[in-house]
Every structure is written in C-alpha cells, then in structure tokens.
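In what follows, a structure is listed as structure tokens, so that the remarks can point back to it.
The figures here come from the full heavy-atom set of this structure, side chains too, leaving out hydrogens, waters and symmetry mates.
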Amino acid sequence: MRDLLRWQFDLTWSLLELHLAELTAEDFRWEPSAYTWAVRDGVPDWADTEPDPIPVPTIAWVTWHIGWWWSVTLDHATGRTPRDRTEIGWPGDGEPAVKWLRDLRTEWIEVLADIDLAAPAPFPWQDDPAMTVAHMAGWVNSELMKNVAEIGQLRLLRASG
C-alpha cells in the first residue's frame with residue numbers, strides 16, 4: 001500500500017513540477033475573471049460558507065491552499081498541535097511559494113515513509129475509526145492532484161491570452 005501511495009504521489013508531484021518550472025512571479029497574481037479568490041496583502045480570501053458562484057482562484061490562492069491543508073495534515077500526522085487556517089501564511093509570488101511547496105513535499109515523504117498506515121486517520125476525518133492513515137495519504141494525493149490541475153489550467157489560460 002505504501003509503495004502504491006508513494007507512486008501515485010510522485011506521479012502527481014511530477015505534474016506539478018512541470019507547471020512550477022514554467023510559472024513566473026507575475027502568474028501567481030493573475031486574476032482570470034472579475035470574481036476571484038486571491039492572496040491580498042498576504043491574506044488569502046476566504047468564506048466560511050462556500051459562495052455561489054464559487055470564485056475562480058488565482059495561482060497564488062491555490063498555492064496557499066495547498067500549503068494550508070498540507071501543513072495542517074503534517075501537523076496531525078506528526079503529533080504537532082494543528083494550526084488554524086489563519087496561522088498558515090503564504091510566502092509570496094514565485095520562488096518563495098515554490099520553495100514552500102517543495103519543502104512540504106520533502107516533509108511529507110519523510111512522514112509517509114514511517115507512519116503507520118493502518119492507524120486511525122487523525123485528519124481530515126477525526127474520530128472516524130473506519131478511516132486510516134492510508135486513507136489520509138490517499139486524500140493528500142487526491143487533493144494535490146485536484147490542485148495541480150487547477151494550477152495547470154490557470155497557467156495555460158494565462159499563457160494563451
């Protein structure tokens with residue numbers, strides 16, 4: 001199971017690296033529509049109830065979003081006190097954001113190598129004994145894959161315009 005989860009993660013990460021290699025600092029702030037979620041003055045847009053229609057995120061917002069859910073997942077997986085969403089800052093356009101994501105990847109690989117996949121998942125399904133750490137790792141892969149697709153689509157739309 002660990003080998004399959006790692007293979008799936010590495011495949012998804014390789015797709016992200018294709019996009020990260022092509023992004024410019026300006027790409028992070030590009031707003032693809034009049035109704036967007038962005039990172040403004042270092043603070044990501046947020047609503048406790050999902051708006052209708054859902055805003056189109058910027059690459060800055062998507063990279064913050066990845067960093068947020070991954071940081072909190074790592075907090076749970078390593079036994080650290082989970083941080084609140086508002087405590088997860090975004091490092092900035094371009095290389096700072098890319099480095100942050102790569103650092104999270106490195107930490108995740110280390111955690112995934114040693115964590116008990118059969119243990120109850122500490123996140124995102126707290127107190128559900130049917131969900132294991134293997135489920136949590138699969139969720140990380142799925143969430144990352146979705147966010148990689150969003151970044152890729154935004155990058156391609158910006159490049160085509």
Side-chain angles (χ1 to χ4, degrees), residues 1-30 32 37-39 44 46 54 56-85 87-126 128-160:
M1 168 106 35
R2 188 178 321 272
D3 290 343
L4 178 59
L5 288 166
R6 178 61 195 271
W7 174 85
Q8 186 182 46
F9 173 80
D10 288 343
L11 175 64
T12 302
W13 185 264
S14 70
L15 297 172
L16 179 57
E17 281 292 347
L18 289 172
H19 297 301
L20 294 178
E22 297 298 321
L23 289 174
T24 66
E26 294 77 26
D27 291 334
F28 284 78
R29 300 289 178 153
W30 176 67
W37 270 359
V39 180
W46 188 261
I54 298 170
V56 178
T58 62
I59 291 174
W61 192 91
V62 176
T63 57
W64 165 80
H65 179 71
I66 294 169
W68 163 55
W69 62 254
W70 216 350
S71 294
V72 173
T73 302
L74 283 162
D75 288 346
H76 282 278
T78 60
R80 297 186 300 240
T81 300
R83 289 167 281 177
D84 184 73
R85 170 186 50 80
E87 296 176 88
I88 308 296
W90 185 67
D93 300 321
E95 190 53 38
V98 171
K99 181 183 180 319
W100 183 41
L101 296 179
R102 288 178 177 149
D103 289 348
L104 289 168
R105 173 192 177 268
T106 298
E107 185 178 359
W108 180 248
I109 288 169
E110 291 168 2
V111 167
L112 189 57
D114 295 324
I115 199 164
D116 178 4
L117 295 177
F123 184 77
W125 309 278
Q126 294 90 338
D128 183 346
M131 304 307 278
T132 65
V133 170
H135 289 99
M136 181 180 72
W139 174 81
V140 165
N141 289 348
S142 296
E143 187 70 18
L144 184 62
M145 189 178 308
K146 176 187 73 75
N147 292 150
V148 168
E150 291 168 336
I151 290 170
Q153 190 66 39
L154 289 165
R155 184 180 74 79
L156 294 172
L157 283 171
R158 176 159 162 78
S160 70

N/O donor to acceptor pairs below 3.5 angstrom from side-chain atoms of residues 11-21, sequence neighbours left out:
residue, atom, partner, partner atom, Å
T12, OG1, Q8, O, 3.1
W13, NE1, E17, OE2, 3.0
S14, OG, L11, O, 2.6
E17, OE1, R102, NH2, 2.7
E17, OE2, R102, NE, 3.0
H19, ND1, R155, NE, 3.0
H19, ND1, R155, NH2, 3.3

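Counting heavy atoms from C-beta outward, R85 and W64 have side chains that approach closer than 4.5 Å. F28 is listed as a side-chain neighbour of V98, based on a closest heavy-atom distance under 4.5 Å. Inter-residue side-chain proximity for L154 and P32 is flagged as met; some heavy-atom pair is nearer than 4.5 Å. In this structure, L144 and N141 have side chains that are not in contact, with every pair of non-hydrogen atoms separated by 4.5 Å or more.
For R29, the side chain to side chain donor-acceptor pair (under 3.5 Å) partners are D93, not counting sequence neighbours. For L4, the side chain to side chain contact (heavy atoms under 4.5 Å, CB included) partners are W7, not counting sequence neighbours. For the ring-ring contact (aromatic ring centres under 6.0 Å, His included) test, residues two or more places apart in sequence or in another chain that qualify with W37 are W61. For S142, there are no side chain to side chain contact (heavy atoms under 4.5 Å, CB included) partners two or more places apart in sequence or in a different chain. Not counting sequence neighbours, the partners of K99 by the salt bridge (Lys or Arg N to Asp or Glu O under 4.0 Å) test are D103. Residues forming a salt bridge (Lys or Arg N to Asp or Glu O under 4.0 Å) with D128 (at least two apart in sequence, or on another chain): none. When the side chain to side chain contact (heavy atoms under 4.5 Å, CB included) test is applied to E143, the partners found at least two apart in sequence or on another chain are H65, W69, W139, K146, N147. Taking E87 as the reference, nothing meets the salt bridge (Lys or Arg N to Asp or Glu O under 4.0 Å) condition, with sequence neighbours excluded. Scanning for side chain to side chain contact (heavy atoms under 4.5 Å, CB included) contacts around A121 gives W125, M131, M136, with sequence neighbours left out. For the salt bridge (Lys or Arg N to Asp or Glu O under 4.0 Å) test, residues two or more places apart in sequence or in another chain that qualify with D75 are R80, R83.
Interatomic distance, I88 CD1 to I66 CD1, rounded to the nearest 0.5 Å: 14.0 Å. For the atom pair CG (L156) and CD1 (I151), the distance works out to 12.0 Å, reported to the nearest 0.5 Å. Here CD1 of I109 is found 11.0 Å from CG of L104. Values are rounded to the nearest 0.5 Å. Rounded to the nearest 0.5 Å, atoms CZ (R2) and CG (L117) are 4.0 Å apart. Between atom CH2 of residue W90 and atom OG1 of residue T63 there is a gap of 5.5 Å, rounded to the nearest 0.5 Å. The OG1 atom of T24 sits 12.5 Å away from atom CD of E95, with the distance rounded to the nearest 0.5 Å.
When all heavy atoms of R158 and D27 are compared, the pair lying nearest together is NE-OD1, 2.5 Å. Of all non-hydrogen atoms in G67 and S71, the two that sit nearest each other are O-OG, 2.6 Å. Between P120 and V133, the shortest heavy-atom distance links the atoms O-CG2, 3.7 Å. Contact record, V111 with A77: CG1-CB, 3.8 Å, taken as the closest heavy-atom pair. The two residues L112 and A137 have their closest heavy-atom pair at CD1-CB, 3.9 Å.
Residue pairs that meet the side chain to side chain donor-acceptor pair (under 3.5 Å) test with at least one member in residues 110-122, sequence neighbours left out, do not exist here.
No side-chain N or O of T58 forms a donor-acceptor pair with one of W30 less than 3.5 Å apart. Looking only at atom types and distance, the side chain of H76 has no donor-acceptor partner in the side chain of T73 under 3.5 Å away.
In this structure, the ring of W70 has its center no less than 6.0 angstrom from the ring center of W100.
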